[in-house]
A.B. asks: 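The structure's right below; bear with me while I get my questions together.
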Amino acid sequence: MKADKAVEDVGESAKVAGGVTFEWLRQAEDASLLTTPARPTATDHGDSSFSVIEEFNYWRMQPDLAEAVAAIKALTAVIRRSQASTMMGLEIELKNASEALKAWDETSIPLSAGCDLFLRYVTRTTALEYEDIRAGKARLIERGERFGEISQKARRTIAMLGQDFILNGSTILTHGFSRVVLNLLKLAASNGKHFNVICTEGRPDNTGAKVAIELLAAGIPVTLILDSGVGYMMEKVDMLLVGAEGVVESGGIINYIGTFQSALVARSMNKPVYVAAESYKFARLYPLEQRDLGPSPCHVEFVEPVPEDAKVENTARDYTPPNYLTLLFTDLGVLTPSAVSDELIQLYL
Amino acid sequence: MYRSSSLRYESSHRDFSLRGESDEDYLDISLEDDRGWCKPSPGFEVSGSKRGFCHPFHEDRKKVLQERRDSTPNSVTFEWLRQAESASLYAGLKDHTISVSHSVRSWGREVVREKPFNVIHEFDSWRKSPDLAEAVAAIKALTAVIKRSEATTMMGLEVELKNASDTLKESDESSISLSAGCDLFMRYVTRTSAIEYEDIEAGKARLIERGEKFGEISQKARRTIAKLGKDFIADGITILTHGYSRVVLALLKLAASEGKDFNVICTEGRPDNTGAEMAKELVPAGIPVTLVLDSGVAYVMETVDMVLMGAEGVVESGGIISMLGTYQTALVAYSLKKPVYVAAESYKFARLFPLDQRDMSPAPRHVDFLVPLPQVVNVENSARDYTPPQYLTLIFSDLGVLTPSAVSDELIQLYL
């Protein structure tokens, strides 16, 4: 009986949550019997916030895992270890853990977006009456563990949507290192499209070299240019394709420093600017200018020594307003920047 | 008056280079006889105001104005000539190994076997001076060619110089200021040689003297630009600069020395590290400097009040050719409605008209990406780009503060 009711509840909330099917549920039931990966866990409440961060770091070290997904997995671990006897108690624990994670890395937008999304999902779920807290917890755990798959699926969806925008013989400029963008380009290449890619150097993280190595392995011709060469090359480029760290309410994006500049140059020369971002990167932020972003300093190593008294502007990212973007490829579909706020409302309501 | 004007009409059909029977015609046109269409203002040559310039088709008029120009304080005076004559006796030639065994020295043909080699050596040795611009070094090298020339006619000298100039240009095809400097000096030589000199030695002396004074003119140009430009700097503003330009440095230092408070943001300037170089010069002058990555220009642009850059060359359209990254800096500034000022001396004005980025001669340079790269990756390593004139607000030059559209007028004046 309880199982049936749970199934029905799942079915109803599936329409809201966007994607749970019976197959899911079956997998979920299997998942709830899964044991957690071997990790030293603390069952004491007092250690929960500490272990949240450790858990998060552990998941982050997986090479292909996005930050938001790592955060969600960490929160899932919190649920697993939770000793709460009511859903409300569980919620409070999760909220504390989420705050701890966000406080640990204040500058990371995907992290906070991921935490917010998962908490939102939790709140929606707990609104449904569960007689058995264990069923509720199992459900949440299952959702959290499936999130990693969702993330992979999102990348595949985006790659499938985006590859149609790449034409044979086109030249694509990219900036920063984005796994979504790499997936997109590799899929297009494997489907037989011929195009070449220009990567910016991406100081100070040398993202250009990293992207070049990946693309060359997939057989895509790559040209590396300096960051100052974007204007010089733009006349030869057919489109700009970047990833995003976060997509904000206005439809703009927050991404690696230099994205705003590239998008500005591209729009001035009437080249389309495409952004590839998964839906869990949509964040409840509305920057009005560059300084509205929280500070996110990165270490810049200058080749030539710089005088002591000179200051260094070492922010790691910038905000690109929506009027410089053409389209966003997301797992929710191909959106215009103005459609982003609609989607955000859907996600967060 | 009618006689002289008819002579003007006649001589305009004459070949410019022939000097023959009509010496009196030229001598008749006195410097005071200004019956042309317009009277140049007193400060004509000094300030470069071109309202006094007349219809270009009148070559005699040109000669008159040339004489007038040369007689103004900035140019040749009798004292100059005296110094020039002593200079022509100057025996401090660097290279005594000139082969005197030139073969047939017929009219207009001098064998220049060793000359090309010497010209480039001379040029290189002048370039080692830290403060000397490329164009000035080129002109000094050409002056050295004149000094060593064995030509007996002005025409012969011109041909030698043209060969030397071509050799210099070939040695570094990508340098715009080099070719601009060579062209300017050749133009000056052609104009000068049109004026009759009874004595080739006097003519040579005059050219040598002019060439040697050019170094001073260059320094003076920077001071002029600094004086003109500093008025655009107000207290409390933030200036963004890209690339390493001595003119810009002179401007900023002058403004700072006069007590203005402003701060400067320098881009990193990969791969030449121009940002660090600029910071090293600005910090001792007491100017607060912030370094920003090349990608960070758009990020900081909202806090910037103006953009100030130098140029390698100023082209006919009024655009500039400058270090890679200048174009996108100007474009970002233009989009965010910040003024873009360029500081360039007049000898950088070149006879070029690029239509897109690839129209310039390629100027590749080595870029070290600081990480190991796979062999098969291509690298775009151009050293410079072209900024179209619509993204520039004003150009500070020693001819005055110009809008980009005024550049072509100035170029006509310089090169006619």
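A, B, ... follow the sequence lines: proteins, then strands. Residue 1 opens every chain.
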A.B. asks: Heavy-atom pairs under 4.5 Å with chain B: which of D318(A), I257(A), V265(A) has the most?
C.D. replies: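 Max contact count across the listed options: I257(A).
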A.B. asks: Answer with side chain, backbone, both or neither: which region of A212(A) has an atom nearer than 4.5 Å to a non-hydrogen atom of chain B?
C.D. replies: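 Side chain only.
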A.B. asks: Short question: side chain of Q328(B), backbone of V230(A) - any donor-acceptor pair under 3.5 Å?
C.D. replies: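 Answer holds: yes.
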A.B. asks: Examine whether an atom of T303(B) lies under 4.5 Å from a heavy atom of chain A, and if so say whether it belongs to the side chain, the backbone or both; otherwise answer neither.
C.D. replies: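 Contact with chain A involves the side chain of T303(B) alone.
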A.B. asks: I265(B) versus E313(A): any side-chain heavy-atom pair under 4.5 Å?
C.D. replies: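 A side-chain contact is absent here, since even the closest heavy-atom pair is not under 4.5 Å.
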A.B. asks: If you draw a 6.0 Å radius around CD in E258(B), do more than 12 non-hydrogen atoms from other residues or ligands fall strictly inside?
C.D. replies: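 For E258(B), atom CD is crowded (more than 12 foreign heavy atoms under 6.0 Å).
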A.B. asks: Among the options M269(A), R291(A), R267(A), R317(A), pick out the one with the most heavy-atom pairs lying under 4.5 Å from chain B.
C.D. replies: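 Top count of heavy-atom pairs under 4.5 Å with chain B: R291(A).
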A.B. asks: Got more than 12 heavy atoms from elsewhere within 6.0 Å of OH, Y341(B)?
C.D. replies: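 Enclosed: over 12 neighbouring heavy atoms sit under 6.0 Å from OH of Y341(B).
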A.B. asks: Just so I understand: if I count every heavy-atom pair under 4.5 Å between each of G325(B), G269(B), P284(B) and chain A, which residue has the most?
C.D. replies: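 Highest number of heavy-atom pairs under 4.5 Å: G325(B).
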A.B. asks: For the interface with chain A, which of K280(B), M323(B), E277(B), R358(B) has the highest count of heavy-atom pairs at distances below 4.5 Å?
C.D. replies: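 Of the options given, most contacts go to R358(B).
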A.B. asks: Is V367(B) close to L226(A) at the side-chain level, that is, under 4.5 Å between some pair of heavy atoms?
C.D. replies: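 Yes; the side chains approach each other to less than 4.5 Å.
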A.B. asks: Select, from Y232(A), F302(A), Y256(A), the one with the greatest count of heavy-atom pairs under 4.5 Å involving chain B.
C.D. replies: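 Option with the top pair count is Y232(A).
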A.B. asks: Considering only heavy atoms, which portion of V264(B) lies under 4.5 Å from any heavy atom of chain A: side chain, backbone, both, or neither?
C.D. replies: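 Neither part.
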A.B. asks: Quick check on E304(A) against chain B: is it the side chain, the backbone, both or neither that has a heavy atom closer than 4.5 Å?
C.D. replies: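 Both backbone and side chain of E304(A) come within 4.5 Å of chain B.
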A.B. asks: Between D294(B) and Q261(A), is any pair of side-chain heavy atoms under 4.5 Å apart?
C.D. replies: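 Of all side-chain heavy-atom pairs linking Q261(A) with D294(B), none is under 4.5 Å.
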A.B. asks: Just give me the residue among K236(A), E308(A), H175(A) that pairs up with chain B most often, heavy atom to heavy atom, under 4.5 Å.
C.D. replies: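 The option with the most such pairs is K236(A).
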A.B. asks: Please report the shortest heavy-atom distance between V377(B) and V222(A), naming the atom on each side.
C.D. replies: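 That closest heavy-atom pairing would be CG2-O, 3.6 Å.
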A.B. asks: To check you understand the geometry: which heavy-atom pair defines the closest contact between L264(A) and V332(B), and what is its length?
C.D. replies: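 Between these two residues, the closest heavy atoms are CD2-CA, 3.9 Å.
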A.B. asks: Taking T326(B), T267(B), L293(B), L324(B) one by one, which has the highest count of heavy-atom pairs under 4.5 Å against chain A?
C.D. replies: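 The residue among T326(B), T267(B), L293(B), L324(B) with the greatest pair count is L324(B).
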A.B. asks: Any idea which of S228(A), G229(A), G231(A) has the most non-hydrogen atom pairs under 4.5 angstrom with chain B?
C.D. replies: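 The option with the most such pairs is S228(A).
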A.B. asks: For the residue pair A276(B) and P305(A), what are the closest heavy atoms and their distance?
C.D. replies: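 Looking at all heavy atoms of both residues, the closest pair is CB-O, 4.0 Å.
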A.B. asks: Check whether any side-chain heavy atom of V371(B) sits under 4.5 Å from a side-chain heavy atom of K210(A), and report yes or no.
C.D. replies: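 V371(B) vs K210(A): side chains apart.
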